[in-house]
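Heads up, the thing below is written out as structure tokens.
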Amino acid sequence: MKKIFIASLLACLIIACEGPVGPPGPPGEGTNWRNDTYEILAGDWTLVGDPNLPGGSYYEYVFSNSYISTFVLEYGAVAGYIVFADGKQSLLPYIETVGYTDNVGNPYLDQIQYTCDVWPGYIRFIATWMDYYNAMPLPPESVKFRIAMMW
């Protein structure tokens, strides 16, 4: 019994030994993060399309971003968020119900969808009124967005 105990103790001591710790290695995949915040003012949106035709129109704004590379798009992830006045955020696409008055004075409810597209070097934010046929499209109000990139 004494020999088994000594053999077990010796085995534990040999297994538990470790040498000096070397320098840390290079960072692995998925360790690079970048967050960028964008604010689009109400007058900066660009109307695309003809609002008087079926199929309608939408508003857009394009930013350049050198961090959005082909590598990030193929091997990483890019997520867009809308940032509210209180600092809370919601993942895009985001649909907001908006109340306003039409050109005759009638109250009107509509929905606007915010989304984003990314391609190497650029990000485009899009605001689309959900009725798709709006003879009097209102430009979106000032909106703040956040982009989270991981690669």
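Expressed to the nearest 0.5 Å, how far OH of Tyr58 lies from CG of Leu47 amounts to 9.5 Å. In this structure, the separation between CD1 on Ile112 and CH2 on Trp129 is 4.5 Å, given to the nearest 0.5 Å. We find the CD1-OG1 distance between Ile147 and Thr37 to be 9.0 Å, quoted to the nearest 0.5 Å. The CD1 atom of Ile40 sits 13.5 Å away from atom CD of Glu141, with the distance rounded to the nearest 0.5 Å. For the atom pair CG (Asp117) and CG (Leu92), the distance works out to 10.5 Å, reported to the nearest 0.5 Å. Remark: Trp119 CH2 to Leu73 CG distance equals 11.0 Å, nearest 0.5 Å.
A perpendicular orientation is assigned to the rings of Phe63 and Phe125, their planes being inclined by more than 60° (bins at 30° and 60°). Ring geometry for Phe84 against Tyr94 counts as perpendicular: the plane angle is over 60°, on a 0 to 90° scale with 30° as the lower cut.
The hydrophobic cluster containing Leu41 does not contain Val62, counting ILVMFWY residues as joined when their side-chain heavy atoms lie under 4.5 angstrom apart, directly or transitively. Transitive grouping of hydrophobic side chains (ILVMFWY, heavy atoms separated by less than 4.5 Å) keeps Tyr114 and Val48 in distinct clusters. Taking hydrophobic clusters as Ile, Leu, Val, Met, Phe, Trp and Tyr residues chained together by side-chain heavy-atom distances below 4.5 Å, Val78 does not share a cluster with Val83. No single ILVMFWY cluster, assembled from side-chain heavy atoms under 4.5 Å apart, contains both Phe145 and Tyr81. Hydrophobic clustering (ILVMFWY, side-chain heavy atoms < 4.5 Å, transitive): Val143 and Ile126 are in distinct clusters.
At least one side-chain heavy atom of Trp151 sits under 4.5 Å from a side-chain heavy atom of Met149.
Taking all atoms of both residues into account, the shortest heavy-atom contact from Ser142 to Ala42 is OG-N, 3.0 Å. When every heavy atom of Val72 is checked against every heavy atom of Met150, the shortest pair comes out as CG1-O, 4.4 Å.
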### Query
Are Tyr38 and Ile123 close enough, and set up right, to give a side chain to side chain contact (heavy atoms under 4.5 Å, CB included), and what steps lead you there?
CA-CA 10 Å; Tyr38 301 93; Ile123 183 160; 4.1 Å; yes
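Using a 3.5 Å distance cut-off with no hydrogens or angles, the side chains of Asp36 and Tyr67 do not pair a donor with an acceptor.
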